[in-house]
Amino acid sequence: KNDISFVGMMYTGEGNYFEKIKPLPDYLKGYIEGLCESQLKVYGYNMVADVMNGKMMDEMREYVDFSMEPNFFLTFEQFVTDIINKKITVMERSRTLELLSEFFDVTLYTKADTSHLPKVHNMGYIHYYDKMPAVFHNSKINLNITMRSIYTGIPLRVLDVLGCRGFLMTNYQEEIAEHFEDGKDLVMYSSMEELIDKTAYYLNNDELRETIANNGYEKVKQKFNYKKQLSFIFEKVFE
């Protein structure tokens with residue numbers, strides 16, 4: 001039982017591929033760092049592919065070792081865009097948890113080293129089927145911090161939390177907003193200031209949190225059950 005929980009990867013160490021490329025010249029490094037900082041302030045739109053234009057991609061080829069295997073489905077441009085989005089995800093998850101831990105009690109479930117987050121309680125790996133549902137159900141607030149490479153889709157964590165009748169606080173995402181009602185089925189934020197304000201508000205409103213968690217659970221049962229979703233997939237495939 002936690003006030004605020006996040007179950008997920010931090011993508012530090014082995015998962016942070018951007019840090020493994022050759023040292024970039026200062027102007028190119030500064031350009032990408034500025035891009036990352038700008039993207040962190042924007043929700044619902046990913047600018048990385050648009051901003052990393054042809055000239056920048058050509059320069060990146062000098063520093064990124066990219067071996068195109070015959071069955072590899074990504075282009076060089078997509079690969080570079082993905083590792084930059086992963087870098088942004090690393091920054092966002094660490095900053096979000098660090099900021100929240102300054103004001104609230106935050107628990108994290110991950111294998112990653114989180115020594116840079118001294119006020120966050122890292123409980124280590126948690127089993128997906130056996131233990132994770134209990135965390136989602138019993139936490140007052142469950143966080144979803146979407147990977148920045150997921151431009152519009154609904155992350156599985158959203159459906160998992162709601163399917164366990166857990167209360168979910170998530171960053172704004174186009175398809176989440178399309179299928180779920182903010183403030184009724186779950187709660188969305190589009191800035192760090194909004195996240196702090198809403199976290200404080202919902203931690204102090206137990207009955208409202210429970211109502212929203214129940215609404216989200218019913219919505220998932222209704223719209224995302226296996227029978228309905230598989231039927232939808234088959235219709236799209238065979239139409």
Side-chain angles (χ1 to χ4, degrees), residues 1-10 43-44 89 92-93 96-97 99-101 103-112 120-147 150 152-192 194-233:
K1 292 186 176 182
N2 307 303
D3 281 354
I4 304 170
S5 294
F6 179 65
V7 180
M9 300 284 289
M10 298 298 290
Y43 295 78
T89 301
E92 182 169 29
R93 292 188 173 183
T96 301
L97 296 173
L99 179 62
L100 283 170
S101 69
F103 303 97
F104 312 106
D105 191 45
V106 179
T107 303
L108 171 65
Y109 296 86
T110 187
K111 293 180 180 179
V120 174
H121 311 295
N122 185 352
M123 304 301 291
Y125 170 79
I126 188 165
H127 193 273
Y128 186 90
Y129 294 106
D130 294 342
K131 300 293 183 183
M132 189 175 69
V135 171
F136 289 159
H137 183 72
N138 291 318
S139 296
K140 291 182 179 179
I141 294 177
N142 294 281
L143 292 174
N144 173 60
I145 310 169
T146 307
M147 285 185 62
I150 302 176
T152 63
I154 301 175
L156 178 60
R157 184 184 293 103
V158 170
L159 303 181
D160 282 342
V161 171
L162 299 182
C164 295
R165 211 189 294 265
F167 176 90
L168 180 68
M169 183 94 70
T170 177
N171 59 280
Y172 172 84
Q173 197 85 345
E174 183 179 341
E175 287 190 26
I176 298 176
E178 179 182 338
H179 291 278
F180 299 97
E181 187 173 340
D182 184 21
K184 180 179 178 182
D185 305 318
L186 45 70
V187 174
M188 285 183 276
Y189 64 90
S190 55
S191 70
M192 288 294 99
E194 187 178 15
L195 172 61
I196 294 297
D197 289 344
K198 287 187 173 182
T199 298
Y201 175 75
Y202 283 103
L203 279 178
N204 290 315
N205 285 273
D206 296 345
E207 187 174 338
L208 180 56
R209 279 200 325 272
E210 185 175 342
T211 298
I212 292 173
N214 285 330
N215 290 340
Y217 173 72
E218 293 299 330
K219 181 67 69 69
V220 166
K221 278 208 308 179
Q222 173 192 351
K223 296 186 66 172
F224 293 93
N225 62 72
Y226 283 109
K227 182 177 180 180
K228 188 164 188 174
Q229 288 300 304
L230 289 173
S231 296
F232 175 75
I233 291 169

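Atoms considered below: every heavy atom in the structure, side chains included; atoms not considered: hydrogens, waters and symmetry mates.
- Side-chain atoms of Y128 and D160 form a donor-acceptor pair, as typed in the model, at a separation below 3.5 Å.
- Side-chain contact, T146 with N144: a donor N or O sits under 3.5 Å from an acceptor N or O.
- In this structure, L162 and K219 have side chains that are not in contact, with every pair of non-hydrogen atoms separated by 4.5 Å or more.
- Remark: of the listed residues I212, L208, D206, I212 is the sole one forming a side chain to side chain contact (heavy atoms under 4.5 Å, CB included) with F167.
- Between the side chain of Q173 and the backbone N or O of P155, no donor-acceptor pair lies under 3.5 Å.
- The shortest side-chain heavy-atom distance between V161 and V7 does not fall under the 4.5 Å cut-off.
- Here CZ of F104 is found 15.0 Å from CG of N2. Values are rounded to the nearest 0.5 Å.
- Residues K228 and Q222 share a closest heavy-atom pair of CD-O, 3.5 Å.
- Note that the OH atom of Y189 and the CG atom of L143 stand 6.5 Å from one another [nearest 0.5 Å].
- Here N122 pairs with T110, T114 under the side-chain contact (heavy atoms from CB on, under 4.5 Å) rule; sequence neighbours left out.
- A 6.0 Å sphere centred on CD of E178 holds more than 12 heavy atoms belonging to other residues, nucleotides or ligands.
- Residues D182 and Y172 are not in side-chain contact: their nearest non-hydrogen atoms beyond the backbone lie 4.5 Å or more apart.
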Next on the checklist: Assess the residue pair F180 and I154 against the criterion (side-chain contact (heavy atoms from CB on, under 4.5 Å)); give the C-alpha distance rounded to whole Å, side-chain angles, the decisive distance to 0.1 Å, and a yes or no.
Outcome noted: CA-CA 10 Å; F180 299 97; I154 301 175; 4.3 Å; yes

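- In this structure, the separation between OH on Y125 and CE on M123 is 15.0 Å, given to the nearest 0.5 Å.
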Next on the checklist: Would R93 and F6 count as a side-chain contact (heavy atoms from CB on, under 4.5 Å) here? Give the steps.
Outcome noted: CA-CA 10 Å; R93 292 188 173 183; F6 179 65; 3.8 Å; yes

Next on the checklist: Let's go through D105 and H121 carefully: what are the C-alpha distance in whole Å and the side-chain angles of both, what is the deciding distance for side-chain contact (heavy atoms from CB on, under 4.5 Å) to 0.1 Å, and is it a yes or a no?
Outcome noted: CA-CA 8 Å; D105 191 45; H121 311 295; 2.7 Å; yes

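- I196 is listed as a side-chain neighbour of L100, based on a closest heavy-atom distance under 4.5 Å.
- Residues T107 and V120 are not in side-chain contact: their nearest non-hydrogen atoms beyond the backbone lie 4.5 Å or more apart.
- Of the inter-residue distances, the one linking M132 atom CE with S5 atom OG reads 12.0 Å to the nearest 0.5 angstrom.
- By the neighbour-count criterion of 12 heavy atoms within 6.0 Å, atom CD of Q229 is densely surrounded, having more than that number from other residues, nucleotides or ligands.
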Checklist entry - Between I141 and V187, does a side-chain contact (heavy atoms from CB on, under 4.5 Å) hold up when you go through it step by step? => result CA-CA 10 Å; I141 294 177; V187 174; over 6 Å; no

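- Under 3.5 Å, the side chains of E92 and T96 contain no donor-acceptor pair of N or O atoms.
- The minimum heavy-atom distance linking N171 with I176 is given by the pair O-CD1, 4.2 Å.
- Judged as a salt bridge (charged side-chain N to carboxylate O under 4.0 Å, His left out), and not counting sequence neighbours, R157 has no contacts.
- Other residues, nucleotides and ligands contribute at most 12 non-hydrogen atoms within 6.0 Å of the NZ atom of K184.
- The shortest distance between side-chain heavy atoms of H179 and F224 falls below 4.5 Å.
- Residue T199 holds its OG1 atom at 12.5 Å from NZ of K140, rounded to the nearest 0.5 Å.
- Taken to the nearest 0.5 Å, the CD1 atom of I145 stands 11.5 Å off from the CE atom of M169.
- The side-chain heavy atoms of E181 and N215, taken from C-beta on, include no pair separated by under 4.5 Å.
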